Every structure is written in structure tokens, then in C-alpha cells.
Amino acid sequence: MTNRERFRKIMNFEPVDALPLMEIEGYEEGALARWHAEGLPAGQMPDRALDMAMPAHLPINFFPLPEYPVEIVREDADYIYQRNEFGITTKKPKDTEGHYSYEGYVDFPVTDMASWMEYEKRLAIGAPGRFGDDWGPETWTKFNNHDRAVGLVIHPFFFRLGLYALGLEEFLVGFYEQPELIHRMFEHRAQMTLEILERVLPHVQVDYACIAEDFGYKHSTHMSPEMYREFWMPHQPPVIEALKKGGVDTIVLWSSGDLNPVLPTAIEMGFNCTWPVEEFVGMDVVKLRKEYGQAMRFAGNIGIRALEDGKDAIDREFDEKILPMVAEGGYIPTLDDQASPDISWDNYTYYINRLRELKLS
């Protein structure tokens, strides 16, 4: 059984012989640096060293193309203000002494309908690089013959698009002060996605599609369930329906944070999976399975703090979540956030090897 077959069967609540060992959130640079010092071979990523089955993602670019020119807009005695490839002006301290420093966001490319119309020009389907460098029969065959799950990551989707185009504060205010702009943005993103799907789904068997939003935070979602229905419902369902008609069985709502307020509406709109199911904010796959049954599949929910704490905490994750959920199906254990520098290589390998050794049949 290939890891691709395992992924599809798990998401269809069918028995498998082993788990596909994968991460969906990845690794912080600090974690990789620590692990290379603790035994991860130089130049290798953890998935290669541990023979994991990371998904294969189609090379579709949903961002503005051509990219904005990266350039310094201005600088003063303490800061450099630089426009990045997304058209966002960032503020970075000059004196960082070679260490990571926070980049504050100062300006965004969209403020109103007129600036959005200019932004739209960079979202043309035919822009060079939209489908990677070699989209065609050879690429299609490679993905169709892949032994790992093949995914299409639709990123950024509605919320992430607003975040990158207007910035969080102006985007959220826009729901009240510029609702026509928000609807226009969502309508365009939905139509662009549908046109991309017309060029993808007839050629490649896609195992799952991730609609990347990230609209949850510690205590709720950034918008109310009523706002989710008002602004998402007119535009999102046709995209989900096109995915299903194109043979995509697993439709993933990809968002960290507390999604509980909108999950019922998300299921109504056609989602049947969510990840990374962030444990830190109180999301719990065992409780969610009891509430939604087989209407929702999951990946994630293994708290990075458990791996930071050590083997006893990891064992509790197995006893309380992994073993009962894996037995039911519709669940793939992965970390609920990027692996942090506070996780040792020994703890991470212990966790992965315990997953590898599970007897499922």
C-alpha cells in the first residue's frame, strides 16, 4: 500500500496497514538549527532523514504575478522600510546584529476599490509562472503516478487574501465600511480559483484541496458566524462544488486558532476536513469527532508543547488522542503548529517512531 493510498483510505474511514508519516505545518528555522546540532544529518530535512511521506503539492501560484519589485522605500536612522514581493511595506530595525527581528507592516497595496482594481491586474490566470515552469503532460504524469498524497493548496483564499492586500485591521473594518470591496475581492478570488481548477482537475488526480484561510485566533474566529455566512456563502460553495465534481474527495479548511464558531457553517458549505486543529486554543479532535461524526476528517492536534515536555507527555497524546482517533479513521496525527526550537531531536524522533510502529491491521 502506498502512502497515497493510505491517505485516501484514512480520509474515507477505511482500514490501512500503516500511517502516512507527514507534517502539515512544517518546522521553524530554529528547530532545524537545533536538530542539526543534535543528530539530524547536515543538509537534510527531517522528513527525509526519518523517511516520512510529506504530501506533494501542485505548483500553482495564487499570489500576485508578476511579483512586486522588492525595493527600499525609505529609511531613517533606526529603520529600513522595504516593499516586499506582495506589495506590502515592512519596517525592520537596522541594528539586528545578525539575529531575527520582527518586521512590522506599514502599508498595504489595497485601500479601496480603485487600488483593488489595480491589484487585480496581477492576478491574471495567464501570468507567467502561474502554473509553474513546466505545466503540461509530463508534470501531470509525474503527479498522477506519485506514491504520496497529491494536494492543491489554494493560498491565499478569502481571509488570507484580505490580510495580504489590506492588512488585518483595514480588512476587518472593510466588512462594515467597504462591503462592496470585500464582496468584489471574494468574487474575483472565487472566479480565479474556478478558472485554475478548469486547467488542473481534468489532468491531475488531486487527493485533497486545502483552502487556506487562517481566520481563527485563541478565543474565536476573526469574524462572527453571521459574517462568515454573509460574505463567504455567496462565493465559496461553487469552488467546493467544482472540486468535488473534479474528483477531489477531501476538502480541507486550513486554519489555526479556534474554529468552533464556524465549523457548522463550513460543513454546510461542503468542507469535510480541517487542520491543523490547534490544541493550544482548546481544539480537540476527540470532542470534535463526537460532535460531528464522520462529517469531519482531521489532521493535526498533536500539541507542540507535548513534544517540548518530553516522552511522558508524548505518550499521553497517544493514549488520549492518537490511538482512539486512528482506530476510528478519518484522522492523521501531525503537529498542530510548526515544530519549535524547544522540541529536542530526541523527542521528535521518539514521536515519529512511535507513529511508525503503530499496528493498524
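For this chain, numbers begin at 1 and follow the sequence in order. Computed from a predicted structure; not experimentally measured.
Interatomic distance, CG of Leu355 versus CE of Met22, reported as 11.5 Å (0.5 Å rounding). Summarising the geometry, atom NZ belonging to Lys142 is positioned 9.0 Å from atom CG belonging to Leu58; distances are rounded to the nearest 0.5 Å. Interatomic distance, CG of Asp107 versus CD of Glu170, reported as 10.5 Å (0.5 Å rounding). To the nearest 0.5 Å, the span separating CG on Leu166 from CG on Leu181 amounts to 6.0 Å.
Every residue meeting the side chain to side chain contact (heavy atoms under 4.5 Å, CB included) condition with Asp112, not counting sequence neighbours, appears here in chain and number order: Ala114, Ser115, Gln178. Annotation: side chain to side chain donor-acceptor pair (under 3.5 Å) contacts of Arg297 (sequence neighbours excluded): none. For Arg354, the side chain to side chain donor-acceptor pair (under 3.5 Å) partners are Asp315, not counting sequence neighbours. Every residue two or more places apart in sequence or in another chain was checked for a salt bridge (charged side-chain N to carboxylate O under 4.0 Å, His left out) with Arg199, and none qualifies. Applying the ring-ring contact (aromatic ring centres under 6.0 Å, His included) rule to Phe298 yields no partners; only residues at least two apart in sequence or on another chain are considered. Scored by the ring-ring contact (aromatic ring centres under 6.0 Å, His included) test, Phe63 finds Phe86, His155, Tyr164 as partners (sequence neighbours excluded). With sequence neighbours left out, Pro109 forms a side chain to side chain contact (heavy atoms under 4.5 Å, CB included) with Tyr68, Ile88, Tyr119.
Under the 4.5 Å side-chain heavy-atom criterion for Ile, Leu, Val, Met, Phe, Trp and Tyr, Tyr351 and Phe280 are members of the same hydrophobic cluster. When hydrophobic clusters are built by joining Ile, Leu, Val, Met, Phe, Trp and Tyr residues whose side-chain heavy atoms come closer than 4.5 Å, directly or via intermediates, Leu65 is not grouped with Val153. Connection of Leu201 to Leu194 is established within a shared hydrophobic cluster, with ILVMFWY side chains joined at heavy-atom distances below 4.5 Å, either directly or through further cluster members. Note: the hydrophobic cluster containing Phe231 also contains Leu168 (ILVMFWY, side chain heavy atoms under 4.5 Å, direct or indirect links).
Residue pairs meeting the salt bridge (charged side-chain N to carboxylate O under 4.0 Å, His left out) criterion with at least one member in residues 72-85, sequence neighbours excluded: Glu71-Arg83, Glu75-Lys94. Listed by first then second residue, pairs satisfying side-chain hydrogen bond (donor to acceptor under 3.5 Å, both in side chains) with a partner in residues 18-41 read Glu23-Tyr348, Glu25-Trp254, Tyr27-Tyr348, Arg34-Glu38, not counting sequence neighbours. Sorted by first and then second residue, the pairs that involve residues 46-65 and meet side-chain hydrogen bond (donor to acceptor under 3.5 Å, both in side chains), not counting sequence neighbours, are His57-Tyr208. Pairs passing the side-chain hydrogen bond (donor to acceptor under 3.5 Å, both in side chains) check and including a residue from residues 183-192, sequence neighbours excluded, read Glu120-Arg184, His183-His235, Gln191-Glu195.
Side-chain contact check for Pro20 versus Ile10: some heavy-atom pair is nearer than 4.5 Å. At a threshold of 4.5 Å between non-hydrogen side-chain atoms, the residues Glu198 and Pro202 do not count as touching. At least one side-chain heavy atom of Phe157 sits less than 4.5 Å from a side-chain heavy atom of Gln236. Annotation: side chain of Leu243 is in contact with side chain of Leu197 (closest heavy-atom distance under 4.5 Å). Tyr228 is not listed as a side-chain neighbour of Thr221, based on a closest heavy-atom distance of 4.5 Å or more. Side-chain contact between Val281 and His219 is absent, with no heavy-atom pair separated by less than 4.5 Å. Residues Ser256 and Glu278 form a side-chain contact, since some pair of their non-hydrogen atoms from C-beta on lies under 4.5 Å apart. When side chains are defined from C-beta on, Phe143 counts as touching Pro59, because their heavy atoms get closer than 4.5 Å.
A cation-pi contact, defined as under 6.0 Å to the ring centre and within 45° of the axis, links Lys91 to Tyr79.
No more than 12 heavy atoms of other residues, nucleotides or ligands shown are found within 6.0 angstrom of NZ on Lys218. Taking a 6.0 Å sphere around CG of Asn145, one finds it holds more than 12 heavy atoms contributed by other residues, nucleotides or ligands. Other residues, nucleotides and ligands contribute more than 12 heavy atoms inside 6.0 Å of the NZ atom of Lys311.
A donor-acceptor distance shorter than 3.5 angstrom exists from the side chain of Asn84 to the backbone of Gly87, with no hydrogens or angles considered. Using modelled atom types, no side-chain atom of Arg6 and backbone atom of Leu19 make a donor-acceptor pair closer than 3.5 Å. Judged by distance alone, the side chain of Glu5 and the main-chain N or O of Thr2 form a donor-acceptor pair under 3.5 Å. No donor-acceptor distance shorter than 3.5 angstrom exists from the side chain of Arg289 to the backbone of Met325, with no hydrogens or angles considered. The closest donor-acceptor contact from the side chain of Thr89 to the backbone of Gln82 lies at 3.5 Å or more, if one exists at all. Put simply, the side chain of Asn353 gets close to the backbone of Thr349: a donor and an acceptor are under 3.5 Å apart. In this structure, Asn301 contributes its side chain and Met283 its backbone to a donor-acceptor pair below 3.5 Å. Looking only at distances, no side-chain donor or acceptor of Asn12 sits under 3.5 Å from a matching main-chain atom of Arg8.
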Report task. List the steps and the verdict of side-chain contact (heavy atoms from CB on, under 4.5 Å) for Asp284 and Glu279. Result -> CA-CA 6 Å; Asp284 185 318; Glu279 183 269 345; over 6 Å; no

**Report entry** CA sep, side-chain torsions, deciding dist, call: Trp135, Val200, side-chain contact (heavy atoms from CB on, under 4.5 Å)
**Finding:** CA-CA 10 Å; Trp135 186 252; Val200 171; 3.9 Å; yes

Report task. Show the numbers, then the answer: is there a side-chain contact (heavy atoms from CB on, under 4.5 Å) between Arg4 and Gln205? Result -> CA-CA 11 Å; Arg4 186 176 198 175; Gln205 174 61 60; 3.9 Å; yes

Query raised in the report: Between Trp232 and Glu213, is a side-chain hydrogen bond (donor to acceptor under 3.5 Å, both in side chains) present by the stated rule, with each step listed?
Result: CA-CA 11 Å; Trp232 271 255; Glu213 294 278 25; 2.8 Å; yes

Report task. Decide yes or no on side-chain contact (heavy atoms from CB on, under 4.5 Å) for Leu32 and Met45, but give the supporting numbers first. Result -> CA-CA 8 Å; Leu32 294 175; Met45 290 294 288; 4.0 Å; yes

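Nearest heavy-atom pair, Ala339 versus Ala31, reported as atom, atom and distance to 0.1 Å: O-CB, 3.4 Å. In terms of heavy atoms, Ile24 sits closest to Leu335 at CG1-O, 4.4 Å.
One side chain, Ser340 or Glu308, offers a donor N or O that lies under 3.5 Å from an acceptor on the other.
Using a 4.0 Å cut-off between charged nitrogen and carboxylate oxygen, Glu317 and Lys321 count as a salt-bridge pair.
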Only pairs under 3.5 Å count here: list side-chain donor-acceptor contacts from residues 266-275, not counting sequence neighbours, and write none if there are none.
from, atom 1, to, atom 2, distance (Å)
Glu268, OE1, Arg229, NH2, 2.7
Glu268, OE2, Arg229, NH1, 3.3
Asn272, OD1, Ile251, N, 2.8
Asn272, ND2, Asp249, O, 2.8
Thr274, OG1, Leu253, O, 2.8

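Taking the six-membered ring where the residue is Trp, Phe159 and Phe215 present perpendicular rings, their angle passing 60° and hence far from 30°.
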